[in-house]
S.K.: 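For reference, the structure I am asking about is given below.
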Amino acid sequence: MLSVLATSLALSSAAFAREANIKITAPTSAVATHHYDYEMNVFHPIEATNGMVATEQNLASQVGLEILKKGGNAVDAAVAIGFSLAVSLPNAGNIGGGGFMLVHDAKSGKTIALDFREKAPAAASETMYQDEHGEIIPRKSWYTHQAIGVPGTVAGLTKALEQWGSLPLAEVMQPAIELAEKGYEVSPTMAKLLQVEKDNLGKWPTTKAIFFNGEEPLTTGDTLVQKNLANSLKLIANEGADAFYKGAIADEIVRDQQAHDGLITKEDLANYEAVEREVVRGDYRGYEIVSMPLPSSGGIHIVQMLNALEHIPIKESGVNSAKTISLIAETMKRAYADRSEYLGDSDFVKVPTKQLTSKDYAKSIAETVLEGNITPAQEIKPGDLTPYESDQTTHYSVVDKEGNAVAVTYTLNLNFGSGIVAGNTGILMNNEMDDFSSKPGVPNAFGLIGGKANAIEPNKRPLSSMSPTMVLKDGKPWLVTGSPGGARIITTVLQQIINAVDFGMNPAAATNTPRFHHQWLPDELRLELGFSPDTVQLLEDAGYKVSIKPSMGRTQTIQIIDGTMYGYSDPRNPDGAALGY
Ligand code: GLY
């Protein structure tokens with residue numbers, strides 16, 4: 001490590017990014033032989049052999065663990081966790097939003113992607129967030145009834161249970177119903193979030209009635225009881241998804257929409273379907289990567305970047321050295337430039353997925369990364385062939401004793417979504433419409449630029465960054481991971497994989513390693529606190545505009561090695577827990 005540092009310090013800024021001895025290399029297919037060298041890892045995951053869950057809310061982790069212990073499989077536990085997080089993590093867990101699930105079925109060896117992303121209502125239109133001069137109307141796609149996409153979570157969770165679960169819906173939903181009815185203590189983390197979003201939440205009497213005590217949001221130690229949400233959950237438990245999409249809940253959502261100029265109709269809800277899709281596949285240094293396909297951009301760009309990095313010996317330049325950061329950041333920039341141009345809902349637009357994930361294209365990216373100095377973002381165009389998202393999405397991972405694995409990332413988009421509780425349903429509604437490109441070239445809430453491919457169209461799904469991902473070894477899950485973090489999800493998951501594969505870190509060490517991010521535009525290298533000042537200086541000297549900003553991502557990771565599960569819940573949210581038995 002010291003010699004790497006010494007080498008880096010000796011580099012002039014021009015030569016810094018590309019040390020002479022770094023040459024394009026043939027991709028190595030040898031699987032790293034490292035395993036947990038216990039003493040080499042500074043942080044440690046929990047271990048178990050029968051089953052494990054990792055979520056960012058310990059109450060939901062308890063629910064998942066109990067389901068596994070009583071004989072439920074990974075999908076049963078994942079569905080129970082999904083409903084429980086809607087109660088216990090109201091800023092991101094949801095039934096009024098949408099998301100993605102990867103299911104690895106141990107028996108067949110197949111990994112399936114389930115898309116329950118929100119859809120634009122049929123009455124949505126390309127310029128719906130622009131005024132008569134074509135200017136974006138500030139916050140219309142964030143905190144209004146028109147910001148709400150047709151929710152997919154209930155369709156997704158119930159479909160997953162029907163297809164791959166083993167327990168009845170009412171049984172896996174019971175813990176969530178009890179949590180909502182009896183309430184639970186507001187943590188300091190949640191109290192802070194409620195305070196930050198006070199104005200957005202306080203505007204709506206239906207929301208205020210739940211999350212406020214008088215004029216102030218609930219605070220640490222208060223009990224959050226959600227009777228209306230409990231009633232909605234009971235309806236779903238008894239009647240299935242129809243209660244939400246065709247029954248009493250649908251009626252109330254539509255009534256609330258009509259009262260506030262919203263666009264969602266009964267037809268929109270009745271027509272919603274969760275869709276099974278082919279996973280995006282890749283391989284990296286002998287491991288197989290399976291991740292979420294469109295309408296997520298995550299899988300495509302994780303595979304694209306890993307394909308390029310396979311040619312770049314980052315192991316030699318060392319974890320989080322200035323040179324490694326630079327090489328990876330240059331790769332990230334090129335992937336995000338492509339994202340802005342090509343990616344959108346593949347049910348509506350033709351996306352060159354094959355090319356974006358091809359080894360040849362990646363080699364050409366690696367060549368440009370390795371050949372020159374740091375390329376200013378404006379000089380990078382999408383290959384020839386994004387405002388900052390808040391972190392308020394959530395991910396969880398589950399593995400059972402049969403070797404089934406589930407990775408779910410789902411969201412309301414921003415913290416507490418639109419902030420709107422639909423009528424008397426107790427259900428917080430998303431503001432996922434902001435993930436569309438409201439106007440080509442104008443960044444969204446997460447600084448992401450989008451183009452025509454991600455323009456608003458009726459019934460289309462907005463492009464996402466959510467990236468539930470599995471790394472397989474010999475056809476079996478070796479790493480199950482994912483993260484919230486908006487635009488930063490993709491680069492967070494990338495680093496989680498690299499830290500495991502290239503640097504031999506266990507999930508705890510990989511998670512605690514400070515993260516960096518570059519998304520092409522804005523032309524900024526974003527770092528978490530925790531990089532050494534020397535490294536920051538080297539990066540700045542090399543020409544990067546470095547910004548130290550709030551932490552990125554909250555991964556929930558399980559690794560399986562020789563039958564032992566190693567789990568870790570990202571301490572960036574202290575409310576989370578990995579639990580196993
Ligand atoms: N709303 C965050 C995402 O889907 O990427």
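Just so you know, these numbers come straight off a predicted model, no measurement behind them. Both ligands and their constituent atoms are indexed starting at 1 by order of listing.
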S.K.: Could you tell me which residues satisfy ring-ring contact (aromatic ring centres under 6.0 Å, His included) with Trp164, sequence neighbours excluded, listed by chain and number?
M.R.: none

S.K.: When you compare ligand 1 with Asp435, is there at least one nitrogen or oxygen pair between them that comes in under 3.5 angstrom?
M.R.: yes

S.K.: Hey, which atoms in ligand 1 end up nearer than 4.0 Å to a heavy atom of Glu432?
M.R.: 1 (N), 2 (C), 4 (O)

S.K.: Less than 3.5 Å apart, any donor N or O on the side chain of Asp338 or Gln304 sitting next to an acceptor on the other?
M.R.: yes

S.K.: If the condition is ring-ring contact (aromatic ring centres under 6.0 Å, His included), which residues does Tyr272 pass it with, not counting sequence neighbours?
M.R.: Tyr245

S.K.: Hey, is Arg461 close enough to Asp115 for a salt bridge, meaning N to O under 4.0 Å?
M.R.: yes

S.K.: Taking N or O atoms only and a 3.5 Å limit, does Arg117 qualify as a polar contact for ligand 1?
M.R.: yes

